[in-house]
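Let me begin by presenting the structure, written as structure tokens, before commenting on it.
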Amino acid sequence: MIQAHAVRLFTERGYDVTTVTDVAEAAGVSPMTVYRHFPTKEDLVLVDQHGQLVAERIAASSAEQPLVRRIGSALIDSAATLTGGHEDDLAADKQFLLARLRLMISTPALRAKHLDNHYALQRAIVDALGDDATDLDAAFHAQAAASACLAALHTALVRWAEDDGRTELPDLIAKALAAVFGDDIVEPTSGMSPS
């Protein structure tokens, strides 16, 4: 609820002029309560469960699959979870995600913090892959695969925001991954078409 009020206010008034106190008043809580849940103003926009969803999907995937397929499928599946749901909630969830994404793209302070989140997501992906961290080559391969997949994800997210969410986000992620890695990157059973 706090985050929803924050994103609404940042969108309506502007990120830089809206204070944490403004968000607290709109949410009907104290500024201390806001800071308890969101330690920084940037966190009001950037904090989500995406990293956890991706890590869970990767950990549940077969270690026999290529790294890029494991990561790509997890990114697509987590996007489907975040943009799917009950029909009543779908439009509101999608608009909330789009508003957050637009703020991340257009606000310099959020772009910088988003890069920190990008590194944290990369670390979560590498950890979820479960490769032996003492094997420097395996760790390097996992980091490179995660970085490349996250670059494709970023491209898809920007396009999704520019497209005002008209194209399904999982499809855009699959297309971006296919553009980088080839059409066979997406599992045929995932239901997503890479082209």
Side-chain angles (χ1 to χ4, degrees), residues 1-58 71-72 74-83 92-129 139 142-165 169-170 172-173 176-177 180:
M1 174 199 65
I2 293 170
Q3 190 176 39
H5 283 291
V7 169
R8 179 183 56 77
L9 289 174
F10 294 153
T11 301
E12 290 173 0
R13 299 179 184 174
Y15 178 81
D16 292 326
V17 298
T18 304
T19 67
V20 172
T21 302
D22 295 333
V23 172
E25 287 175 7
V29 298
S30 71
M32 185 59 73
T33 299
V34 174
Y35 282 118
R36 191 174 310 123
H37 296 285
F38 302 94
T40 69
K41 183 177 174 181
E42 293 91 351
D43 289 336
L44 284 163
V45 176
L46 297 172
V47 168
D48 62 22
Q49 299 301 313
H50 187 238
Q52 180 182 340
L53 286 172
V54 172
E56 288 170 0
R57 303 274 188 310
I58 289 172
I71 297 166
L75 293 174
I76 292 166
D77 291 346
S78 64
T81 299
L82 291 172
T83 59
D93 289 348
K94 188 175 180 180
Q95 289 307 313
F96 178 70
L97 289 171
L98 280 167
R100 287 181 55 226
L101 184 56
R102 286 184 190 114
L103 285 166
M104 284 183 239
I105 292 168
S106 66
T107 309
L110 293 173
R111 281 195 306 261
K113 181 74 172 173
H114 179 66
L115 184 58
D116 290 341
N117 284 4
H118 180 87
Y119 286 124
L121 180 55
Q122 179 186 16
R123 182 77 254 155
I125 288 170
V126 171
D127 290 346
L129 289 169
Q143 290 167 348
S147 287
C149 289
L150 291 175
L153 172 68
H154 177 75
T155 301
L157 289 170
V158 170
R159 172 60 65 89
W160 191 59
E162 291 169 348
D163 188 34
D164 198 31
L169 182 56
L172 283 174
I173 296 169
L177 290 165
V180 175

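Side-chain atoms are counted along with the backbone in the values below, which use heavy atoms only and exclude waters and symmetry mates.
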**Asked** Quick one: are T83 and W160 in side-chain contact, heavy atoms under 4.5 Å?
**Response** yes
**Fill in**
With R57 as partner, the option from T81, I125, L75 fulfilling side chain to side chain contact (heavy atoms under 4.5 Å, CB included) is T81
**Message:** Donor-acceptor check, side chain of K41 to backbone of T18, threshold 3.5 angstrom: yes or no?
**Reply:** yes
**Message:** Tell me every residue that passes side chain to side chain contact (heavy atoms under 4.5 Å, CB included) with A148, counting only those two or more places apart in sequence or in another chain.
**Reply:** F181
**Asked** Do the non-hydrogen side-chain atoms of M104 and Y15 ever get within less than 4.5 Å of each other?
**Response** no
**Request:** Please lay out, stage by stage, how H114 and R111 fare under the test side chain to side chain donor-acceptor pair (under 3.5 Å).
**Result:** CA-CA 5 Å; H114 179 66; R111 281 195 306 261; over 6 Å; no
Name each donor-acceptor pair under 3.5 Å that joins a side chain in residues 47-54 to protein atoms two or more places apart or in another chain, with its distance.
unit_1 : atom_1 : unit_2 : atom_2 : d
D48    : OD1    : H50    : N      : 3.1
D48    : OD2    : R100   : NH2    : 3.1
H50    : NE2    : S78    : OG     : 3.2
Q52    : NE2    : E56    : OE2    : 3.0

**L169 side chain reached by L97 side chain, heavy atoms, under 4.5 Å** = no
**F10 side chain near L44 side chain, heavy-atom distance below 4.5 Å** = yes
**Request:** For the residue pair I71 and L177, establish whether any side-chain heavy-atom pair is separated by less than 4.5 Å.
**Result:** no
**Request:** Return yes when atom CE of M32 has more than 12 non-hydrogen atoms of other residues, nucleotides or ligands closer than 6.0 Å, and no otherwise.
**Result:** no
**Request:** Taking K94 for its side chain and G165 for its backbone only, find out whether a donor-acceptor pair lies under 3.5 Å.
**Result:** yes
**Asked** Side chain of Q143, backbone of V126: donor and acceptor closer than 3.5 Å?
**Response** no
**Prompt:** According to the salt bridge (charged side-chain N to carboxylate O under 4.0 Å, His left out) rule, which pairs have a member within residues 21-30, sequence neighbours left out?
**Reply:** R13-D22
